[in-house]
Undergrad: 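The structure's right below; bear with me while I get my questions together.
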Amino acid sequence: MDARRRVALAAALVLAVALAAAGVAEGYNITKILGEYPEYSHFNKLLTETRLAADINKRRTITVLAVANGDMGGLASSGRTLQTKRHMLQLHVLVDYYGGKKLHQLAHGVTACSTMFQESGAAPGMSGYVNITQRRGGKVTFTAEDAEDSASPSSYVKTVKEIPYDLAVLQIDSVLASPEAEAPVAAPAPVNITELLSKKYCKSFAGLLAADAEAFSNINATKDNGLTLFCPVDSAVASFMPKYKNLTAKGRTAILLFHAVPDYYSLQLLESNSGKVSTLATSNVAKKDYSFDVEKDGDTAALDTKVGATASVTATVKDDDPLAVYAISKFLQPKELFKVAKDKDLAPAPAPAGPKKKTTKKKPSAAASPSDDDDESDDADSPATSDEDAADKDGAASVLAGWVTTAAAATIAALALAA
């Protein structure tokens with residue numbers, strides 16, 4: 001093997017190792033996929049309005065039966081509530097992968113598949129299942145299990161998008177008929193957030209929200225479109241108040257919004273889908289992350305902000321789609337406002353430094369309160385930006401060093417094999 005081929009092979013292996021280490025593989029985005037096809041714009045818009053798009057993106061091994069604008073039928077009706085339309089759309093999401101090839105290779109020519117409508121718990125019996133049938137001439141049809149005998153089946157038109165064994169987006173020629181999915185569902189009753197929190201566990205947190213017009217307005221405006229709110233119990237608020245009072249006005253608003261996730265998570269979904277979640281503070285504070293990790297902790301969920309101990313979900317205040325409210329054991333402290341706990345910091349320990357000069361820290365007076373232009377707390381747990389930047393750089397350097405080491409090993413191995 002000549003030198004040029006050796007270099008090419010080594011470069012390919014290095015790139016593959018680096019990309020795998022960096023975790024560049026990302027999930028799909030159904031809204032973005034359908035957005036490339038104007039003929040499904042109405043269907044795509046409904047996926048967003050009913051918040052089903054976000055639920056689809058969280059899943060793997062899924063098939064979406066999309067309907068073109070001119071075939072939307074009952075889904076386009078203004079007389080149906082958004083919740084009813086959500087049920088109808090859920091029936092069009094099969095919880096299994098059916099690419100074009102698999103559709104034409106059905107065992108015995110017919111199969112039944114569960115849908116997200118069945119999984120929602122709103123579909124009684126077998127009504128949330130869809131029958132897929134291969135007919136003469138290669139035609140494939142879809143029929144809801146509870147469809148009336150007089151209902152016409154929906155026919156497969158074409159494959160829009162396939163990510164093998166993960167996602168298939170297929171076009172069908174009509175909306176699936178299902179009496180159960182089409183059954184009227186009343187719009188959710190209005191919820192008074194402060195009143196709800198005041199009744200159970202979170203009276204003190206409700207008071208903080210009521211006193212912050214910006215935070216309350218953002219949370220209140222989001223609750224009907226999908227919201228999960230974590231409210232620290234009264235004792236947790238009491239112990240955190242000295243730090244809270246030392247925050248600037250912007251910092252207080254940010255930390256309250258940090259307790260709100262702009263998506264609905266049932267407790268079961270919260271426990272089973274561990275990982276990073278963004279908050280209302282993420283979208284309201286420029287150039288700030290304001291996210292935290294959700295982890296399964298025994299029979300409950302734990303929230304890890306990298307600052308101090310994790311907070312556990314201790315009780316369910318409300319769990320009724322589109323709003324979930326959970327009481328938690330601690331006040332969540334974002335790393336953007338407070339120093340990351342040493343035992344949480346993933347960056348390597350810095351090399352020993354020389355003796356530091358002693359500095360005298362002046363206590364803030366009542367007249368010298370922090371400026372609203374600064375989001376940081378002035379107490380002992382507030383972050384020093386230079387410390388955070390150094391930790392981030394050290395952490396990045398550590399990760400990069402690991403990739404380089406692995407890539408180098410792969411390169412050596414490739415060259416040895418190519419020799």
Undergrad: Per the salt bridge (charged side-chain N to carboxylate O under 4.0 Å, His left out) rule, what does the pair list look like for residues 102-123, sequence neighbours excluded?
TA: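 Counting only pairs at least two positions apart or across chains, the salt bridge (charged side-chain N to carboxylate O under 4.0 Å, His left out) contacts touching residues 102-123 are R59-E119, D96-K102.
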Undergrad: Among D319, T228, D320, find the one that has a side chain to side chain donor-acceptor pair (under 3.5 Å) with Y264.
TA: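 Single pass found, and it is D319.
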Undergrad: How many angstroms lie between atom CG of L82 and atom CG of D224, to the nearest 0.5 angstrom?
TA: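 Separation between the atoms: 10.5 Å.
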Undergrad: With a cut-off of 3.5 Å and sequence neighbours excluded, list every side-chain donor-acceptor pair involving residues 64-76.
TA:
{"from": "N69", "atom 1": "OD1", "to": "S41", "atom 2": "N", "distance (Å)": "3.2"}
{"from": "N69", "atom 1": "OD1", "to": "H42", "atom 2": "N", "distance (Å)": "3.0"}
{"from": "N69", "atom 1": "ND2", "to": "P38", "atom 2": "O", "distance (Å)": "3.1"}
{"from": "N69", "atom 1": "ND2", "to": "E39", "atom 2": "O", "distance (Å)": "3.4"}
{"from": "N69", "atom 1": "ND2", "to": "S41", "atom 2": "OG", "distance (Å)": "3.1"}

Undergrad: Against the six-membered ring of F117, is R86 placed for a cation-pi contact (under 6.0 Å from the centre, within 45° of the normal)?
TA: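 Relative to the ring axis of F117, which defines the angle, R86 lies outside at least one limit.
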Undergrad: Rounded at 0.5 Å granularity, tell me how far CG in D55 sits from CG in L47.
TA: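 That separation rounds to 10.5 Å.
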Undergrad: Please list, chain by chain and in numerical order, all residues satisfying salt bridge (charged side-chain N to carboxylate O under 4.0 Å, His left out) with E182, sequence neighbours excluded.
TA: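 Scan of E182 (salt bridge (charged side-chain N to carboxylate O under 4.0 Å, His left out), adjacent residues dropped) gives R80.
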Undergrad: Taking the side chain as every heavy atom from C-beta outward, state whether F216 and T194 have any pair of such atoms under 4.5 Å apart.
TA: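 Answer yes - side chains close enough.
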Undergrad: Grab the two heavy atoms, one from I172 and one from Y156, that are nearest each other, plus how far apart they are.
TA: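 Here I172 and Y156 meet closest at CG2-CA, 4.4 Å.
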Undergrad: Are there over 12 heavy-atom neighbours, none belonging to K318, within less than 6.0 Å of that residue's NZ?
TA: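 Yes, because the 6.0 Å sphere around NZ of K318 holds more than 12 heavy atoms from other groups.
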Undergrad: Taking N44 for the side chain and T31 for the main chain, is one N or O donor matched with an acceptor at less than 3.5 Å?
TA: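 Yes; judged by distance alone, with no hydrogens or angles, the pair exists.
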Undergrad: With sequence neighbours left out, what residues match F331 under ring pair (Phe, Tyr, Trp, His ring centres under 6.0 Å)?
TA: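 Only F240, H259 meet the ring pair (Phe, Tyr, Trp, His ring centres under 6.0 Å) criterion with F331.
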Undergrad: Is there any salt bridge (charged side-chain N to carboxylate O under 4.0 Å, His left out) pair reaching into residues 193-222, and which pairs are they, with sequence neighbours excluded?
TA: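 Qualifying pairs, neighbours excluded: E195-K199.
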Undergrad: Is the backbone of Q333 close enough, under 3.5 Å, to the side chain of T305 for a donor and an acceptor to pair up by distance?
TA: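 At least one qualifying donor-acceptor pair exists.
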Undergrad: Under 4.5 Å between any side-chain heavy atoms of F142 and H92, yes or no?
TA: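 They are not in side-chain contact.
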Undergrad: Going from CG on L332 to OH on Y290, what distance comes out if it is rounded to the nearest 0.5 angstrom?
TA: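 Here the rounded value is 13.0 Å.
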Undergrad: Could you point out which residue of N225, D263, D321 forms a side chain to side chain donor-acceptor pair (under 3.5 Å) with R51?
TA: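 Considering N225, D263, D321, a side chain to side chain donor-acceptor pair (under 3.5 Å) with R51 is found only for D321.
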Undergrad: Mind checking the NZ-CG spacing from K161 to L170? Nearest 0.5 Å is all I need.
TA: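 CG of L170 is found 13.5 Å from NZ of K161.
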Undergrad: Is there a side chain to side chain donor-acceptor pair (under 3.5 Å) between S174 and S154 once you walk through the steps?
TA: CA-CA 5 Å; S174 61; S154 300; 2.9 Å; yes
Undergrad: Side chains of I56 and Y28: closer than 4.5 Å at any heavy-atom pair?
TA: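 Of all side-chain heavy-atom pairs linking Y28 with I56, at least one is under 4.5 Å.
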Undergrad: Measure across A206 and L197 and return the closest heavy-atom pair with its distance rounded to 0.1 Å.
TA: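 In this case the closest contact between A206 and L197 is CB-CB, 3.6 Å.
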Undergrad: Is the shortest side-chain heavy-atom distance between L337 and F258 below 4.5 Å?
TA: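 No. Closest side-chain heavy atoms not under 4.5 Å.
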Undergrad: If you measure from CZ on F230 to CZ on F292, what distance do you get to the nearest 0.5 Å?
TA: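 The CZ atom of F292 is 5.0 Å from CZ of F230, to the nearest 0.5 Å.
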Undergrad: Could you give the distance from OG1 (T300) to CG (L270), rounded to the nearest 0.5 Å?
TA: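 CG of L270 is found 8.0 Å from OG1 of T300.
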Undergrad: Hey, are S178 and D146 close enough side-chain-wise for a donor-acceptor pair under 3.5 Å?
TA: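 A donor-acceptor contact under 3.5 Å links the two side chains.
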Undergrad: Less than 3.5 Å apart, which donor and acceptor atoms pair up between the side chains of residues 104-111 and the rest of the protein, not counting sequence neighbours?
TA:
{"from": "H104", "atom 1": "ND1", "to": "G100", "atom 2": "O", "distance (Å)": "2.9"}
{"from": "H104", "atom 1": "NE2", "to": "G138", "atom 2": "O", "distance (Å)": "3.1"}

Undergrad: Which heavy atom in F338 sits nearest to a heavy atom in L247, and how many Å separate them?
TA: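 That would be CZ-CD2, 4.1 Å.
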Undergrad: What do the steps show when you test Y265 against Y326 for ring-ring contact (aromatic ring centres under 6.0 Å, His included), and what is the final call?
TA: CA-CA 10 Å; Y265 284 91; Y326 303 108; 9.2 Å; no
